[in-house]
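Before any comments, here is the structure.
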Amino acid sequence: MKTQHRKAAITAYKDRMIESGIYAIRSLASGQVWVGSAPDLSTIRNRVWFTLRQGGNPHRALQAAWNAGGDEDLAFEVLEVLDEDLSPSMRSHVLRTQLGHWLEELGAARI
């Protein structure tokens with residue numbers, strides 16, 4: 001029974017729809033905003049929060065905001081989800097273009 005459950009979980013994970021897009025992290029205390037792009041939006045928050053908890057995030061201002069206020073100070077937000085029908089090369093191009101748009105729009109720092 002355990003093996004069947006594990007196989008079903010692996011199959012479900014492989015079959016899930018992956019959404020690419022643009023996300024923002026906002027400091028509620030300072031108003032600072034960081035924007036990034038991700039090929040898989042469902043995993044990026046956990047990845048960033050892990051590096052912040054470990055004290056090893058490469059973005060010093062973001063790490064400083066975490067150190068000052070922790071998880072309660074930072075808000076994660078998906079800004080844009082790309083069309084799933086884009087080819088891989090077009091998806092990469094659109095991610096770069098839209099990242100630039102959101103950086104300018106929000107006056108944000110790039111992640």
Side-chain angles (χ1 to χ4, degrees):
M1 185 72 166
K2 233 179 181 179
T3 304
Q4 289 175 334
H5 178 68
R6 183 171 185 270
K7 285 181 180 179
I10 291 170
T11 300
Y13 178 79
K14 287 180 180 179
D15 291 343
R16 69 186 166 83
M17 183 169 28
I18 297 174
E19 293 182 321
S20 300
I22 309 297
Y23 65 93
I25 299 173
R26 298 176 190 270
S27 169
L28 304 176
S30 71
Q32 288 177 285
V33 181
W34 297 268
V35 173
S37 64
D40 186 352
L41 288 170
S42 70
T43 61
I44 194 66
R45 183 190 181 281
N46 285 340
R47 186 178 326 154
V48 173
W49 260 239
F50 176 80
T51 63
L52 291 168
R53 281 191 304 271
Q54 298 303 314
N57 191 281
H59 306 285
R60 291 183 182 169
L62 179 57
Q63 185 68 58
W66 175 273
N67 293 345
D71 188 29
E72 298 80 30
D73 178 44
L74 297 180
F76 180 86
E77 171 185 2
V78 173
L79 298 173
E80 184 172 348
V81 176
L82 299 187
D83 184 357
E84 64 187 55
D85 294 333
L86 293 173
S87 69
S89 62
M90 187 56 136
R91 181 180 311 269
S92 177
H93 171 73
V94 172
L95 277 174
R96 281 192 309 273
T97 302
Q98 291 306 103
L99 177 60
H101 163 76
W102 284 107
L103 287 167
E104 185 176 323
E105 177 83 16
L106 299 175
R110 181 180 183 160
I111 294 181

Could you list the donor-acceptor pairs under 3.5 angstrom formed between side-chain atoms of residues 103-111 and any protein atom two or more places apart in sequence or on another chain?
none

(request) Could you give me the CA-CA distance, side-chain angles and deciding distance for Phe76 and Val78, then say whether side-chain contact (heavy atoms from CB on, under 4.5 Å) is met? (result) CA-CA 7 Å; Phe76 180 86; Val78 173; 3.9 Å; yes
(request) Taking side-chain contact (heavy atoms from CB on, under 4.5 Å) as the test, write out the residues that go with Ser87, two or more places apart. (result) Ser89, Met90
(message) What I'd like to find out is whether the side chain of Trp34 reaches to under 4.5 Å of the side chain of Leu74, using heavy atoms alone.
(response) yes
(request) Return each pair, listed once, that meets salt bridge (charged side-chain N to carboxylate O under 4.0 Å, His left out) where at least one residue sits in residues 22-36; pairs must be two or more places apart or across chains. (result) Arg26-Glu77
(message) Using every non-hydrogen atom in the two residues, find where Ile18 and Pro39 come nearest and quote the distance to one decimal.
(response) CG2-O, 3.4 Å
(message) Donor-acceptor pair, distance only, cut-off 3.5 Å: does the side chain of Arg91 make one with the backbone of Glu84?
(response) yes
(request) Evaluate whether atom NE2 of His93 has more than 12 neighbouring non-hydrogen atoms of other residues, nucleotides or ligands under 6.0 angstrom away. (result) no
(message) Quick one: does any side-chain atom of Gln63 pair with a main-chain N or O of Leu52 as donor and acceptor, under 3.5 Å?
(response) yes
(request) Please list all pairs passing the salt bridge (charged side-chain N to carboxylate O under 4.0 Å, His left out) test where one or both residues lie in residues 46-74, with sequence neighbours left out. (result) Arg45-Asp71
(message) With a 4.5 Å cut-off on side-chain heavy atoms, are Tyr23 and Ile44 touching?
(response) yes
(message) Is there a continuous path of hydrophobic side-chain contacts, each under 4.5 Å between heavy atoms, that joins Val35 to Leu62?
(response) no
(message) Please determine whether residues Ile22 and Leu82 belong to a single hydrophobic cluster, defined as Ile, Leu, Val, Met, Phe, Trp and Tyr linked transitively by side-chain heavy-atom distances below 4.5 Å.
(response) yes
(request) Sequence neighbours left out, what passes side-chain contact (heavy atoms from CB on, under 4.5 Å) with Ser30? Give chain and number order. (result) Ser27, Gln32
(message) List the residues meeting ring pair (Phe, Tyr, Trp, His ring centres under 6.0 Å) with Phe50, not counting sequence neighbours, and say none if there are none.
(response) none
(request) Measure across Leu28 and Ala75 and return the closest heavy-atom pair with its distance rounded to 0.1 Å. (result) CD2-CB, 4.2 Å
(message) Side-chain heavy atoms nearer than 4.5 Å, only ILVMFWY residues, links allowed to pass through others: does that put Leu79 and Val94 together?
(response) yes
(message) Within the 4.5 Å heavy-atom criterion, are Trp66 and Thr51 side-chain neighbours or not?
(response) no
